[in-house]
Amino acid sequence: MNTSLPFEKLTVLENFGHSLRAQSYVFKPLGAEEIAGVFKLAKQSGLKVTVRGAGRSYNDASLNGGGIVMDLSQMNKVLAWNPETGIVTAEPGLTLEGLWRTVLPDGWWPPVVSGTMTTTLGGCLSMNIHGKNNFKMGPIGEHVLEFSALLPTGAQITCSPHKNGDLFRSMISGMGMLGVFTSITLQMKHVVSGLLEVRGFSVPNLRTHLQALLEKAPDNDYTVGWLDGFPGGKSLGRGQIHVARYLHEGEDPNPAKSMLVKNQVLPPTIFGVPKGILHYFMIPFRIAPLWGMVNTAKYVAGMRNEHFRQPHAAFHFLLDYVPNWELAYGSGGLIQYQSFLPKETAYDAWTEVLTLSHKRGLPSYLGVTKRHRPDDFLLSHAVDGFSLALDFRVTNGSRARMSQMLQDFDKIVTEAGGRFYFAKNSETSAETARRFLGSETVERFRALKRRTDPNNLLESDLYRRVFG
Ligand SMILES: Cc1cc2nc3c(=O)[nH]c(=O)nc-3n(C[C@H](O)[C@H](O)[C@H](O)COP(=O)(O)OP(=O)(O)OC[C@H]3O[C@@H](n4cnc5c(N)ncnc54)[C@H](O)[C@@H]3O)c2cc1C
């Protein structure tokens, strides 16, 4: 550790899944000047800097062992909001929760959100997050009108699709490695109700699962699938699909009421149990056979078709219903493995992936599927196809086997023309990254980095792993 930096800043940080840990000097700047000060300190001390939003990446994206972490969660102000145009400008530490609470009462909703509302705008742009509407609305970057950023060189820049376009398309998706977003301007989506019309139905195997995602997407605003990672054979890939659409004018008898924040928020108790302690009740189910039984019950319950109206927040942020649910995976934490595959190869590749997880005795506890379309951001993870996110429980006994299995998955996915998402996987190697991004993209990214960060001040554990 660097003795010239204040000892009291030394903090152990974790990834969202609690499967990784790293000690860093943590600074919490409140503006561009203080960010510049941290860069100066880094240069003097010879340490690398990683920016951190809410730390909700599943992997090592905002970890920086032995270096400096710049936590921007306190730069979280809404700087301007125009309810006529739906254009909002905010500091990068504003969370999606802060964003939707600001805009929904005026009839707007963020065009793209992640499965948790705790993420920050800076983190969302750096990873170029996708929502359950990726097939229709693209990633969040397509709704950014402009951003300001501070580069490690000290330069303050403004980027839009028409101004500094190369940096616009590479800082968005660039894993926080080219500069620091200091303000972000986004276009919101106009809505006429605080509710969505939702339908749910079950799918008996992987083929019908993927077919349903493909066929239902064009007629809906959102499509998402739950995949039961336990059964094999004829039931491999079975699950449940939920589709949703915005209500049209006149369909909601009381839109002013449904758009109130208090009618969106998740209830403080579920079945009378305070949300804050619910994850303790999940602990017994971390044993694989018991979790398999829970999944079967969920699948059977989903066999009756559902049709209901649901607040936007409840539909999107289901995982926030049980705060700290990830702790139920135990002290080894969890790893999420998300792969993106073209629609032509997805079935065969995921059949191989799921079968391998059964053979190795390491089934996935939670699987989520989505429909995607490509985008033109430099480090894009999207394809014209689908994604499958698989959550795995990590234990000391399984860590090495898990790591090997995920690397074996990487081979299957890259051979099938697939891609990966830098906010999720923890095993992607530099070789795999080059394989799916292509050498030309890797070299373009490196050239941009030499321009914005000639002294290589910005580095994270993720960056060293995939671009090392
Ligand atoms: C329960 C859950 C559900 C999720 N669902 C989805 C989903 O549906 N779709 C999806 O796409 N993702 C999803 N994610 C992943 C998540 O959206 C991303 O990992 C996101 O980047 C996390 O934002 P954060 O603010 O926590 O950023 P962090 O994890 O802290 O950082 C992420 C990256 O952003 C960089 N960064 C942060 N702030 C700045 C800044 N101001 N300037 C430059 N770089 C910066 C960091 O250096 C890092 O590389 C989910 C995560 C969780 C935990």
Side-chain angles (χ1 to χ4, degrees), residues 13-18 20 26 29 32 35 48-64 67-76 90-99 112-134 138-141 147-152 170-184 222 224 316-326 334 336 338 340 366 368-370 372 375 379-382 387 389 391 421-425 452-453 458-463 466:
L13 296 170
E14 292 189 335
N15 62 330
F16 168 73
H18 305 287
L20 303 166
V26 177
I35 296 173
K48 303 297 179 190
V49 181
T50 299
V51 190
R52 186 169 170 104
R56 288 299 191 275
S57 293
Y58 276 81
N59 59 5
D60 46 1
S62 55
L63 296 180
N64 185 19
I68 295 174
V69 166
M70 190 149 55
D71 175 337
L72 293 193
S73 58
Q74 289 179 16
M75 281 179 67
N76 59 3
E91 291 185 319
L94 182 73
T95 58
L96 288 182
E97 178 173 18
L99 180 63
V112 172
V113 294
S114 49
T116 171
M117 57 174 138
T118 54
T119 48
T120 66
L121 291 185
C124 290
L125 258 62
S126 287
M127 289 303 178
N128 206 10
I129 62 154
H130 59 263
K132 300 173 179 72
N133 54 358
N134 189 252
I140 195 165
F147 65 75
S148 302
L150 184 78
L151 305 183
S170 51
M171 285 191 66
I172 296 177
S173 79
M175 315 184 292
M177 288 299 106
L178 300 178
V180 184
F181 299 114
T182 49
S183 91
I184 294 162
Y222 299 99
V224 63
H316 289 290
F317 309 125
L318 186 69
L319 291 168
D320 293 340
Y321 263 98
V322 183
N324 303 320
W325 57 266
E326 73 284 1
L334 85 132
Q336 185 173 103
Q338 188 172 24
F340 293 71
L366 175 68
V368 174
T369 54
K370 290 187 194 129
H372 297 269
D375 58 67
L379 301 187
S380 173
H381 53 268
S387 68
D391 285 6
Y421 184 20
F422 290 130
K424 299 286 180 82
N425 298 14
T452 62
D453 184 15
L458 283 168
E459 272 193 11
S460 60
D461 287 353
L462 167 70
Y463 179 75
V466 296

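One-based numbering, in listed order, for ligands and for the atoms of each.
Taking atom 12 (N) of ligand 1 as the reference point, the nearest protein heavy-atom neighbour is Y421 OH, 3.4 Å. At the shortest separation from atom 16 (C) of ligand 1 among protein heavy atoms lies T119 CG2, 3.8 Å. Ranking protein heavy atoms by distance to atom 49 (O) of ligand 1, first place goes to M175 O, 3.0 Å. Looking only at protein heavy atoms, the nearest one to atom 25 (O) of ligand 1 is T120 OG1, 2.6 Å. In terms of protein heavy atoms, atom 26 (O) of ligand 1 is closest to R56 N, 2.7 Å. Among protein heavy atoms, atom 14 (N) of ligand 1 sits closest to K424 CE, 3.7 Å. The protein atom (non-hydrogen) at minimum distance from atom 19 (O) of ligand 1 is S57 OG, 2.8 Å. Protein heavy atom at the shortest distance from atom 9 (N) of ligand 1 is H130 O, 2.8 Å.
Checking I129, L462, T116 against atom 3 (C) of ligand 1, the nearest heavy atom belongs to T116. Taking all heavy atoms of S460, G123, A382 into account, the minimum distance to atom 27 (O) of ligand 1 is reached by G123. For atom 43 (C) of ligand 1, the choice among G53, G122, G179 with the nearest heavy atom turns out to be G179. For atom 48 (C) of ligand 1, the choice among G115, S126, A61 with the nearest heavy atom turns out to be A61.
Considering all non-hydrogen atoms of both residues, G53 and S73 come closest at O-CB, 3.9 Å. The minimum heavy-atom distance linking S114 with F317 is given by the pair O-CE2, 3.2 Å. Contact detail for L150 and A32: the closest heavy-atom pair is CD2-O, 3.7 Å. The shortest non-hydrogen separation linking S387 to Q338 is OG-NE2, 3.4 Å. Taking each heavy atom of M75 and I35 in turn, the nearest pair found is SD-CD1, 4.0 Å.
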One pair to check against side-chain contact (heavy atoms from CB on, under 4.5 Å): L63 and R52. What are the steps and the verdict? CA-CA 8 Å; L63 296 180; R52 186 169 170 104; 3.6 Å; yes
Evaluate the criterion side-chain contact (heavy atoms from CB on, under 4.5 Å) for residue pair H316 and L96; output intermediate values, then yes/no. CA-CA 11 Å; H316 289 290; L96 288 182; over 6 Å; no
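Here is the list of ligand 1 atoms found below 4.0 Å of a heavy atom in A423: 18 (C), 19 (O). Interface atoms of ligand 1 facing V180, defined by a heavy-atom separation under 4.0 Å, are 42 (N), 43 (C). With ligand atoms numbered from 1 in the order given, ligand 1 contributes 43 (C), 44 (N) to contacts under 4.0 Å with heavy atoms of G176. Residue K370 has at least one heavy-atom neighbour below 4.0 Å for each of these atoms of ligand 1: 7 (C), 8 (O). Ligand-side atoms of ligand 1 in range of F181: 40 (C), 41 (N), 42 (N), 43 (C), range being under 4.0 angstrom from any heavy atom. Residue V51 approaches ligand 1 through these ligand atoms, each under 4.0 Å from one of its heavy atoms: 38 (N), 39 (C), 40 (C), 45 (C), 46 (C), 47 (O). Every atom of ligand 1 is numbered from 1 in the order shown, and the set under 4.0 Å from a heavy atom of L319 is 1 (C). Ligand-side atoms of ligand 1 in range of R52: 30 (O), range being under 4.0 angstrom from any heavy atom.
Heavy-atom distances between G131 and ligand 1 stay at or above 4.0 Å for every pair.
Only the side chain of L72 comes within contact range of ligand 1, with a heavy atom under 4.0 Å; no backbone atom does. With a 4.0 Å heavy-atom cut-off, ligand 1 is reached by the side chain of F16 but not by its N, CA, C or O. Under 4.0 Å from ligand 1, the heavy atoms of P92 that appear belong solely to its side chain. Contacts of M171 with ligand 1, taken as heavy-atom pairs under 4.0 Å, are absent altogether. Only the side chain of Y58 comes within contact range of ligand 1, with a heavy atom under 4.0 Å; no backbone atom does. Residue contacts with ligand 1, taken as heavy atom pairs separated by less than 4.0 Å, involve M127 solely via side-chain atoms from C-beta onward. Neither the backbone nor the side chain of Q338 comes within contact range of ligand 1; no heavy atom lies under 4.0 Å.
The side chain to side chain contact (heavy atoms under 4.5 Å, CB included) with L458 is formed by just one residue from the set V51, L178, L151; it is V51. Applying side chain to side chain contact (heavy atoms under 4.5 Å, CB included) to I184 and the options I172, L125, I140 leaves one that passes, L125.
H372 and Y421 have their aromatic ring centers separated by at least 6.0 angstrom.
A donor-acceptor pair under 3.5 Å is absent between the side-chain atoms of R56 and the main chain of T119, judged by distance alone.
Put simply, NZ on K370 and CG on N134 are 8.5 Å apart, with the number rounded to the nearest 0.5 Å. To the nearest 0.5 Å, atom NE2 of residue H130 and atom SG of residue C124 are 11.0 Å apart. Between E459 atom CD and I68 atom CD1 the span is 12.5 Å, to the nearest 0.5 Å.
Side-chain atoms of E91 and N76 include no donor-acceptor pair closer than 3.5 Å. For the residue pair N64/S460, the side-chain donor-acceptor check at 3.5 Å is not satisfied.
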